[in-house]
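All values below come from the heavy atoms of this structure, side chains included, with hydrogens, waters and symmetry mates left out. Given the structure is predicted, the values throughout are model-derived calculations rather than measurements.
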Amino acid sequence: MRDILPSMAGAPERIRAAGVPRDPGPVGFRSSRGEAGRSVPFRVALLQGLAPDGGLYLPESIPPLPERWHSIESFPDLATELLGGWLEEPTGDELARLIADALDFPVPLVELSEDRYVVELFHGPTLSFKDFGARTMARLMNRYLEGRGERLTILVATSGDTGSAVADGFSGLDNLRVVLLYPKGMVSEVQERQLIAERPNLTSLRVRGTFDDCQRLVKGAFVDPALEGVPLSSANSINVGRLLPQQCYYVWAVAELVRSTGSDREPLVAVPSGNLGNLTAGLLAAAAGLPVNRFLAAHNANDFFPRFLAGAAQAYRFGETVRTISNAMDVGSPSNFERLDRLFGVSMTERISATSVSDQATRERMRATFEEDGYIACPHTAVGFEAVERYRAGTGDRRPALVLATAHPAKFPDVVAQATGVSAPSSELLERLRDAPQRVQEIEAEASSLRQVLLDGQR
């Protein structure tokens, strides 16, 4: 399946020519680590997280966008129609109620100068774009487990925002338990408060290591023979269930751009990138027919993907994780590269440009964005702004640019103050965490440490 989607240019015609079905209907999923093997429905892929061979689940077909995608004026309604093309169940009113409960927050498009637009994805309960996938996944998983008398443990590795989104989104659901792992000393103070706030059915693990260590432990647990009796799944972007809901805000943003400008020019889309799940979701939306001219993968100093696209020597070698001020993107070994490579192969270079942005350049872009537009961006979003400026400077392309704002600036008060000279806007949601009860356990970055936590939880 390496060349399953040779190009998104001219989709759907090119996709149809490649023999990839684009008819509406239930989608099957296969592992990224074998051409053969059993196809499974979405509910199985969602609940398993990883395929039995350790691979990531890939869709066998891409449902086309709803015909009226550009005219649906409610985000939950758009998400319901789009996701309905991927799912066997739930359907109809049941799916609409589930989506309305999961995605009950706004998704504004903010216009700045120079034909730049910010897609604010941080208005959910944990002030991060991760809320879209986590809340939708949680409700679908709980729905699939209802009536089966089963309880699933969700393993999640986080470098910042994923863990809190999963902890909040899954909290209190009867059939689900969450065990989250985060690297000690490598998340912001505000992020850590979100990660260790005491919640029902949550175990927070502070790992003496990096995010890549956390991710390695999570992947290893799925193939650990000693854990065969522990039902496990994942809520990281290695789970395809995270990616499908994230397609929705790409479609919404382009539709809002068309509605607000009356222009049908295909935009650039800048995606702050770490583990490459967000970018993969955007590419799936484009493969379904969303008119995007080019994706700009905006990385910090963790630059494997920019090196790969540039054809650098040794590009296939992942690097050690580098700590930066845009810490949610501090991923030296992005898991979703395997999925991207299998789905899109060499055609990635046709629709993606990538750049690596230093901390100094990130701070300078935060300052410039505030001075020029009065807009306060978090460091991750600023990396996206910088990617737009570099691409325009190098190509002269002045078409509209959408920048995904992936986190609220209030989560990074020190960085914002240093870069802009002003205080980050406050958030009532974060203020509540200051005095909230906390619970955390510190472990070594060893498989045996995580194994013991998981086995103890089954007793």
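Under a cutoff of 6.0 Å and an axis angle of 45°, Arg259 and Trp69 do not form a cation-pi pair.
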- Task: Give the intermediate values and the outcome of salt bridge (charged side-chain N to carboxylate O under 4.0 Å, His left out) for residues Asp104 and Arg135.
- Result: CA-CA 10 Å; Asp104 59 347; Arg135 291 174 63 80; 3.7 Å; yes

- Message: I'd like to know whether Arg139 forms a side chain to side chain donor-acceptor pair (under 3.5 Å) with Thr136, so could you lay out the CA-CA distance, the side-chain angles of the two residues, the decisive distance to 0.1 Å, and finally the verdict.
- Response: CA-CA 5 Å; Arg139 283 148 182 79; Thr136 306; over 6 Å; no

- Message: side chain to side chain donor-acceptor pair (under 3.5 Å) for Glu320 and Asn302? Distances and angles first, verdict last.
- Response: CA-CA 8 Å; Glu320 295 294 325; Asn302 295 275; over 6 Å; no

- Item | side chain to side chain donor-acceptor pair (under 3.5 Å) between Thr324 and Asn300, intermediate numbers included | CA-CA 7 Å; Thr324 76; Asn300 56 27; 2.9 Å; yes

- Trace of the side-chain contact (heavy atoms from CB on, under 4.5 Å) decision for Leu430 with Val190: CA-CA 8 Å; Leu430 293 181; Val190 174; 3.7 Å; yes

- Going through the distances and angles, do Leu276 and His299 end up as a side-chain contact (heavy atoms from CB on, under 4.5 Å)? CA-CA 10 Å; Leu276 297 176; His299 289 257; 3.7 Å; yes

- Message: The test is salt bridge (charged side-chain N to carboxylate O under 4.0 Å, His left out); show your working for Arg116 and Asp373 and say whether it passes.
- Response: CA-CA 10 Å; Arg116 295 169 301 152; Asp373 291 281; 2.6 Å; yes

- Stepwise, does the side-chain contact (heavy atoms from CB on, under 4.5 Å) test hold for Val107 with His123? CA-CA 7 Å; Val107 189; His123 294 280; over 6 Å; no

- Query: Are Asp168 and Thr126 close enough, and set up right, to give a side chain to side chain donor-acceptor pair (under 3.5 Å), and what steps lead you there?
  - Reply: CA-CA 7 Å; Asp168 183 86; Thr126 69; over 6 Å; no

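Side-chain contact of Lys219 with Ser335: a donor-acceptor pair under 3.5 Å is present, judged by distance alone. The closest side-chain donor-acceptor pair between Asn239 and Arg242, if any, does not fall under 3.5 angstrom.
We find the CD-CD distance between Glu67 and Glu81 to be 10.0 Å, quoted to the nearest 0.5 Å. Taken to the nearest 0.5 Å, the CG atom of Leu140 stands 6.0 Å off from the CG atom of Leu87. In this structure, CG in Asp359 is found 6.0 Å from OG in Ser326, a value given to the nearest 0.5 Å. Between the CG atom in Asp115 and the CG atom in Leu257 there is a gap of 8.0 Å [rounded to 0.5 Å]. Taking CD from Gln48 and CZ from Phe222, the interatomic distance works out to 9.5 Å, rounded to the nearest 0.5 Å. Here CG of Asp213 is found 9.0 Å from CE of Met186. Values are rounded to the nearest 0.5 Å.
Within the 4.5 Å cutoff, the side chain of Ile352 has heavy atoms near those of the Phe305 side chain. Within the 4.5 Å cutoff, side-chain heavy atoms of Phe295 are placed close to those of Leu283. Within the 4.5 Å cutoff, the side chain of Thr355 has no heavy atoms near those of the Leu296 side chain. Leu58 places none of its side-chain heavy atoms less than 4.5 Å from the side chain of Val240. Considering only heavy atoms from C-beta on, Ser234 stays 4.5 Å or farther from Val156 through its side chain. Using a 4.5 Å cut-off on side-chain heavy atoms (C-beta onward), Pro409 and Pro425 make contact. Counting heavy atoms from C-beta on, the side chains of Leu450 and Leu181 come closer than 4.5 Å. Proximity of Val357 to Arg390: side-chain heavy atoms (C-beta onward) are separated by under 4.5 Å at one or more points.
By the 6.0 Å contact criterion, CD on Gln360 is open, its count of non-hydrogen atoms from other residues, nucleotides or ligands being 12 or less.
Panel note: side chain Asn236, backbone Ile238; no donor-acceptor pair is recorded below 3.5 Å. No donor-acceptor distance shorter than 3.5 angstrom exists from the side chain of Thr381 to the backbone of Ala377, with no hydrogens or angles considered.
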Atom pairs and distances, side-chain donor-acceptor, residues 263-274, under 3.5 Å, sequence neighbours left out:
from: Ser263; atom 1: OG; to: Arg265; atom 2: N; distance (Å): 3.1
from: Ser273; atom 1: OG; to: Val271; atom 2: O; distance (Å): 2.7

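Sorted by first and then second residue, the salt bridge (Lys or Arg N to Asp or Glu O under 4.0 Å) pairs with a member in residues 105-114 read Glu114-Arg398; sequence neighbours excluded. Here ring-ring contact (aromatic ring centres under 6.0 Å, His included) pairs that include residues 381-431, with residues two or more places apart or in two chains, are Phe122-His408, His380-Phe412. Here salt bridge (Lys or Arg N to Asp or Glu O under 4.0 Å) pairs that include residues 329-338, with residues two or more places apart or in two chains, are Arg33-Glu338.
Partners of Val440 under the side chain to side chain contact (heavy atoms under 4.5 Å, CB included) rule, at least two apart in sequence or in another chain, are Tyr182, Ile196, Ser204, Arg206. With sequence neighbours excluded, no residue forms a side chain to side chain contact (heavy atoms under 4.5 Å, CB included) with Val223.
The only member of Phe75, Tyr250, Trp252 that meets ring-ring contact (aromatic ring centres under 6.0 Å, His included) when paired with Phe132 is Phe75. Partner Gln215 forms a side-chain hydrogen bond (donor to acceptor under 3.5 Å, both in side chains) with one of Thr158, Asn275, Thr210 and no other, that one being Asn275.
Residues Ala298 and Gly384 approach most closely at CB-CA, 3.8 Å, considering heavy atoms. Contact between Ala419 and Met366 at its shortest, heavy atoms only, is CB-CB, 3.8 Å.
Between Phe42 and Tyr57, a ring centre-to-centre spacing not shorter than 6.0 Å is recorded.
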